[in-house]
Amino acid sequence: MRKPVIAANWKMYKTVSESRKFVKEILPACESFTGVEMILCPTFLSLAHMSQDLQGTPVKLGAQNLFWEKEGAYTGEVSPYLLSELGVTYGIIGHSERRGHFGETDTQVNNKVKAALSFNLKPVVCVGESLGQREQGVTTKIIENQLEQGLSGLDSTAAANITIAYEPIWAIGTGRSASAEDAREVIAFIRQWVSRKFSPGISKSMPILYGGSVNPDNIGQFLEQEEIDGALIGGASLKEDAFIKMVTVANNIKKL
Ligand code: PGA
């Protein structure tokens, strides 16, 4: 059985002090949820501080992005090598906001995935279609392309450390989530792809998440689907009580 995952993507929200305050407030409740993989992805600025605050707790840290080179003259970039010293466990890679606003390509996603793995960071690889693509009926084609290119050249050992997040672009930050059935269908497709590409064993153990307007009221309908292992949550993860509620739902629905 796969461990459920609740991952908070804070995007460009929360100052360092706001981030630390959040941690302080959620920790007492989170200490008891050892059956849920809880991941906080703050801005780069907060990582070092939160790393100290989260030491010895079950809550893990993730970066929202990373660069593929180890170090060098890359103004403004942060590498997995630099992140690894901070006890960062995960790295979100290929979020649609990175692809959309910063022109990130599948080749760059692939470089980032490989770089993250080489420094023992676990990639959370985001894939998803636009509204136009969904309406044209090419959703699975788009997802398959993103997976083929984004995860190209990886072996099964590498794949065993990857989490995939299915995030339909039209559902992100819009308040319009996919239906649980739509999400389940695409995630089942992703799991079959992983099985063919790597192995049935990897496919069975890989966490595959849904993301896009998930909140405390609708998270249950996603997590009730056996295929869906958890959620990558933006807006609703910014509030302490909402975060704890969503972890509680995951804990109750996905009893190990
Ligand atoms: P949202 O964002 O929950 O605010 O829709 C999800 C994400 O971008 O990962």
Side-chain angles (χ1 to χ4, degrees), residues 1-11 33 35-41 59-65 89-99 109 113 116 121-129 139-140 142-143 146-147 150-151 159-173 177-195 198 202-216 218-237 242-243 245-254 256:
M1 181 105 171
R2 298 176 293 267
K3 192 174 183 179
V5 178
I6 296 295
N9 173 11
W10 285 351
K11 308 191 180 184
F33 293 125
V36 180
E37 184 78 342
M38 295 167 280
I39 309 167
L40 299 179
C41 306
V59 181
K60 308 272 183 11
L61 261 187
Q64 296 177 18
N65 180 32
T89 309
Y90 290 91
I92 300 175
I93 298 177
H95 189 281
S96 62
E97 286 154 14
R98 302 283 332 158
R99 295 175 189 259
V109 169
V113 169
L121 254 72
K122 297 179 178 195
V124 178
V125 182
C126 300
V127 295
E129 82 286 4
T139 297
T140 50
I142 295 295
I143 304 287
Q146 290 172 342
L147 291 171
L151 303 186
N161 288 306
I162 287 177
T163 297
I164 296 176
Y166 167 55
E167 298 208 310
I169 298 168
W170 47 272
I172 295 177
S177 61
S179 73
E181 177 49 27
D182 284 343
R184 190 205 62 75
E185 211 174 281
V186 177
I187 287 175
F189 171 83
I190 294 172
R191 211 176 281 292
Q192 282 160 16
W193 181 88
V194 171
S195 176
F198 299 106
I202 298 284
S203 154
K204 270 205 189 87
S205 61
M206 183 181 283
I208 309 185
L209 320 180
Y210 167 74
S213 297
V214 172
N215 60 47
N218 67 14
I219 192 167
Q221 71 196 52
F222 294 105
L223 299 189
E224 271 159 14
Q225 312 288 325
E226 204 197 310
E227 291 288 344
I228 306 181
D229 299 317
L232 178 56
I233 307 147
S237 74
F243 180 81
K245 268 188 204 146
M246 294 187 284
V247 174
T248 309
V249 173
N251 185 63
N252 293 344
I253 293 182
K254 306 269 190 195
L256 292 178

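Atom set for the values below is all heavy atoms of this structure, side chains included, hydrogens, waters and symmetry mates excluded.
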Nearest heavy-atom pair of Ala231 and Val214: which atoms, and what distance?
CB-CG1, 4.0 Å
Using modelled atom types only, decide if a donor and an acceptor are shared between the side chain of Trp10 and the backbone of Leu40 within a distance under 3.5 Å.
no
Any idea which heavy atoms bring Ile169 and Ser96 closest together, and the distance?
CG1-CB, 3.7 Å
How long is the straight-line distance from OG1 of Thr248 back to CZ of Phe33, given to the nearest 0.5 Å?
3.5 Å
Would you confirm whether Asn218, through its side chain, and Ser213, through its main-chain N or O, come within 3.5 Å as a donor-acceptor pair?
yes
Could you please spell out the steps behind the side-chain contact (heavy atoms from CB on, under 4.5 Å) verdict for Gln146 and Arg99?
CA-CA 11 Å; Gln146 290 172 342; Arg99 295 175 189 259; 4.1 Å; yes
For Lys254 and Pro4, the nearest pair of non-hydrogen atoms, with its separation, is CB-CG, 3.6 Å
Before giving the answer on side-chain contact (heavy atoms from CB on, under 4.5 Å), spell out for Val5 and Val124 the whole-Å C-alpha distance, their side-chain angles and the decisive distance to 0.1 Å.
CA-CA 11 Å; Val5 178; Val124 178; over 6 Å; no
With rounding to the nearest 0.5 angstrom, report the CE to OG distance, Met38 to Ser237.
14.0 Å
Can you list the steps and then say if Ile6 with Ile219 is a side-chain contact (heavy atoms from CB on, under 4.5 Å)?
CA-CA 10 Å; Ile6 296 295; Ile219 192 167; 3.6 Å; yes
Partner of Val125 under side chain to side chain contact (heavy atoms under 4.5 Å, CB included), chosen from Ile92, Thr163, Leu147, Ile162
Ile162
Where Gly211 and Pro168 come nearest, the two heavy atoms and their spacing
O-CD, 3.4 Å
Please report, to 0.1 Å, the donor-acceptor pairs under 3.5 Å made by any side chain of residues 182-190, with sequence neighbours excluded.
unit_1 : atom_1 : unit_2 : atom_2 : d
Asp182 : OD2    : Ser179 : OG     : 3.3
Arg184 : NE     : Glu181 : OE1    : 3.1
Arg184 : NH2    : Glu181 : OE2    : 3.1

Determine the interplanar angle of the Tyr210 and Phe222 rings, folded into 0 to 90°, and report it as parallel if under 30°, tilted if 30 to 60°, perpendicular if over 60°.
parallel
Using the salt bridge (charged side-chain N to carboxylate O under 4.0 Å, His left out) rule, collect all pairs that involve residues 219-234, keeping only residues at least two apart or in two chains.
Arg2-Asp229, Arg191-Glu227, Arg191-Asp229
Rounded to the nearest 0.5 Å, the CG atom of Leu232 sits from the CD1 atom of Ile164 at a distance of 13.0 Å
Is the side chain of Lys60 donor-acceptor paired with the backbone N or O of Tyr90 at a distance under 3.5 Å, no angle test?
no
How close do Ile142 and Gly128 get, heavy atom to heavy atom, and via which atoms?
CG2-O, 4.2 Å
Under 3.5 Å, is there a donor-acceptor pair linking the side chains of Glu167 and His95?
yes
Separation between CD of Glu37 and CG of Leu209, rounded to the nearest 0.5 Å
10.5 Å
Check the pair Phe243 / Ile233 against side-chain contact (heavy atoms from CB on, under 4.5 Å), numbers first and verdict last.
CA-CA 9 Å; Phe243 180 81; Ile233 307 147; 5.9 Å; no
What closest approach, in Å, do Ser203 and Val194 show between heavy atoms, and which atom pair accounts for it?
CA-CG1, 3.7 Å
